[in-house]
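All heavy atoms count here, side chains included; hydrogens, waters and symmetry mates do not. In what follows, chains carry the letters A, B, and so on, assigned in the order in which the sequence lines appear, proteins first and then strands, with residues in each chain numbered from 1. This is a predicted model, so every value here is computed, not measured.
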2 protein chains.
Amino acid sequence: MVVADFNQIRRSEHLPTRIAAQIGREILEGRIAAGEKLPTEHLLAKTFGVSRSVVREAIAQLRNEGLVETRQGVGAFATEFERRQSLRIEHGDPTDRIAFHNLYQLRIPLEIEAAGLAAVHRTSEDLARLDEALEQMTGAEKWTEQGIVADLAFHRALATATQNEYFPLFTGFIAERISLAIQTARANAVLEEIVEVTIAEHVVIRDAVVSGDPVEARSAMRSHLTQAASRLDLTLETFRDEK
Amino acid sequence: MVVADFNQIRRSEHLPTRIAAQIGREILEGRIAAGEKLPTEHLLAKTFGVSRSVVREAIAQLRNEGLVETRQGVGAFATEFERRQSLRIEHGDPTDRIAFHNLYQLRIPLEIEAAGLAAVHRTSEDLARLDEALEQMTGAEKWTEQGIVADLAFHRALATATQNEYFPLFTGFIAERISLAIQTARANAVLEEIVEVTIAEHVVIRDAVVSGDPVEARSAMRSHLTQAASRLDLTLETFRDEK
DNA sequence: CATATAAAGTTATCAGACAACCTTACAAGG
DNA sequence: CCTTGTAAGGTTGTCTGATAACTTTATATG
């Protein structure tokens with residue numbers, strides 16, 4: 001399919017989404033103050049020139065994002081600042097250096113804790129998954145796609161081994177973001193050269209988990225993350241609590 | 001349409017949200033495979049015993065959360081694993097003891113890290129917010145609603161002080177869940193008696209943040225969390241990394 | 001003055017229709 | 001055999017109008 005570029009035909013995308021975006025902008029930029037009541041659905045429908053269904057769907061979307069709250073028989077209100085708690089994270093620019101740094105900063109304590117908990121709670125199935133990921137890592141000729149997948153699998157297996165469902169949820173989300181950013185940054189070239197080192201670090205973590213030593217597992221994970229960070233030219237504060 | 005049919009969904013709270021939750025569960029638990037097509041809106045409406053509008057809103061919600069994708073004229077599909085980008089967490093049973101424990105377990109490393117980072121990066125505005133929360137905490141006669149709000153505000157201010165947008169996002173989300181669970185558990189009676197102790201713990205954290213000592217801030221937060229956990233009859237493993 | 005009741009306004013839900021879009025099948029023509 | 005046109009059917013997107021549920025406010029009633 002190598003044809004002329006007809007993609008220019010901007011098919012108007014999802015009406016409710018566009019309207020939700022517009023109303024959301026009004027709120028975020030303060031033209032609709034926090035706590036203030038939005039116009040009624042009827043009025044919004046008329047001003048936007050669409051049906052009430054579309055407006056309703058738009059409002060539902062905003063409510064889902066935590067930007068508005070609706071009360072039947074009363075109206076829709078812009079959510080107060082303090083209560084805006086949506087865990088929705090926009091797919092921002094993957095090359096955003098600061099966002100990347102912040103994500104990594106968040107990841108570190110979670111992964112370290114996960115390593116410690118995994119060392120205590122891991123089952124034999126967990127250990128099998130860890131070894132499987134390590135094998136795939138070793139099998140990968142270079143640090144290509146497969147290596148990245150294996151890396152994700154390793155950390156996911158570790159998070160699962162905590163026996164705490166929230167760890168795979170959170171760390172998986174973060175790790176995926178990070179690895180995506182790395183991929184788009186084309187840092188692969190750099191990584192290819194140090195596969196052996198990376199694998200060695202993972203093996204240390206695995207051994208600690210196997211032997212059931214949480215302190216050692218945490219230490220191994222900490223050093224893995226800091227070294228990986230330095231390979232990515234990240235500068236991070238890391239604290240080690242004495243005694 | 002005259003007869004009662006109690007097999008259908010009870011109308012206690014927002015219908016679309018509940019249906020979205022149910023369909024979402026079907027997807028997350030694999031009963032609807034990734035990439036598979038969902039039943040048509042008409043069919044879903046009939047099986048749930050609601051109108052198509054409600055089903056549409058439910059699907060819109062799921063689409064918002066990145067769990068389904070819709071294509072006009074074709075259908076709605078469960079999104080492939082790789083493309084799922086949002087963190088979806090069920091509003092589970094607040095009294096679920098295990099979920100509560102797991103949430104707390106996740107919270108600990110995050111809050112500790114946040115305390116350390118806050119000690120390094122806090123601005124004067126951050127410190128003002130911390131003190132404001134502390135004042136409200138002190139002002140509260142008993143550990144009532146107001147005290148809980150102040151507690152949340154304190155931890156939110158601390159997370160904001162990290163200058164890392166992800167910390168308030170994640171910790172705020174978790175903390176709110178936890179406090180909700182506590183409220184519903186009617187543990188207020190217990191808490192009322194130890195307000196002074198709780199406030200004192202917060203003051204120690206604040207002082208460490210003010211003096212810019214990350215290690216001390218972490219230590220203070222750690223002890224606050226572990227003691228709060230013991231007041232809630234939670235047993236947690238905590239690891240302190242030696243040197 | 002307190003309480004009950006009515007009225008009006010708003011969101012929630014329902015029902016049915018048409019529009020826009022996609023897929024498929026099949027016929028027509030090369 | 002292959003390509004193209006056409007029709008049909010199914011699905012989501014949008015519209016319209018109505019009813020139910022809920023809240024607030026005003027009014028009447030004792």
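Of the listed nucleotides (C:dC22, D:dT14, C:dT11), D:dT14 has the atom at the smallest distance from the side chain of A:V54. Closest to the side chain of A:R63, out of D:dC15, D:dT14, C:dA12, is C:dA12. In this structure, of C:dA12, D:dT14, C:dT13, it is C:dT13 that holds the atom nearest to the side chain of B:L15.
Atom C1' of nucleotide D:dT12 and atom NZ of B:K37 are separated by 10 Å, given to the nearest angstrom. In this structure, the NE2 atom of A:H42 is 13 Å from the P atom of D:dT19, given to the nearest Å. Regarding A:R52, its CZ atom lies at a distance of 11 Å from the P atom of C:dT10, rounded to whole Å. The CD1 atom of A:I19 sits 13 Å away from the C1' atom of D:dC15 (whole-angstrom rounding). Spacing between atom CZ of A:F48 and atom P of D:dC15 amounts to 13 Å, rounded to whole angstrom units. For the pair A:R56 CZ and D:dC15 C1', the computed distance is 15 Å after rounding to whole Å. To the nearest angstrom, P of D:dT16 lies 15 Å from CD of A:E41. Rounded to whole angstrom, the span from the NZ atom of A:K46 across to the P atom of C:dT10 amounts to 12 Å.
Side-chain atoms of A:H121 and A:Q163 include no donor-acceptor pair closer than 3.5 Å. A side-chain donor from one of B:H202 and B:D151 sits under 3.5 Å from a side-chain acceptor of the other.
For the pair B:R71 and C:dT23, the criterion of a side-chain N or O lying under 4.0 Å from OP1 or OP2 is met.
Evaluation of atom-type donor-acceptor distances gives no pair under 3.5 Å for the side chain of A:Q72 against the base of C:dA12.
Evaluated for a side-chain contact (heavy atoms from CB on, under 4.5 Å) with B:P39, the options B:L44, B:I23, B:T47 yield exactly one hit, B:L44.
Among the atoms of the strands shown, base atoms are found under 4.0 Å from some heavy atom of B:S53.
Atom NZ of A:K46 has 12 or fewer heavy atoms from other residues, nucleotides or ligands within 6.0 Å.
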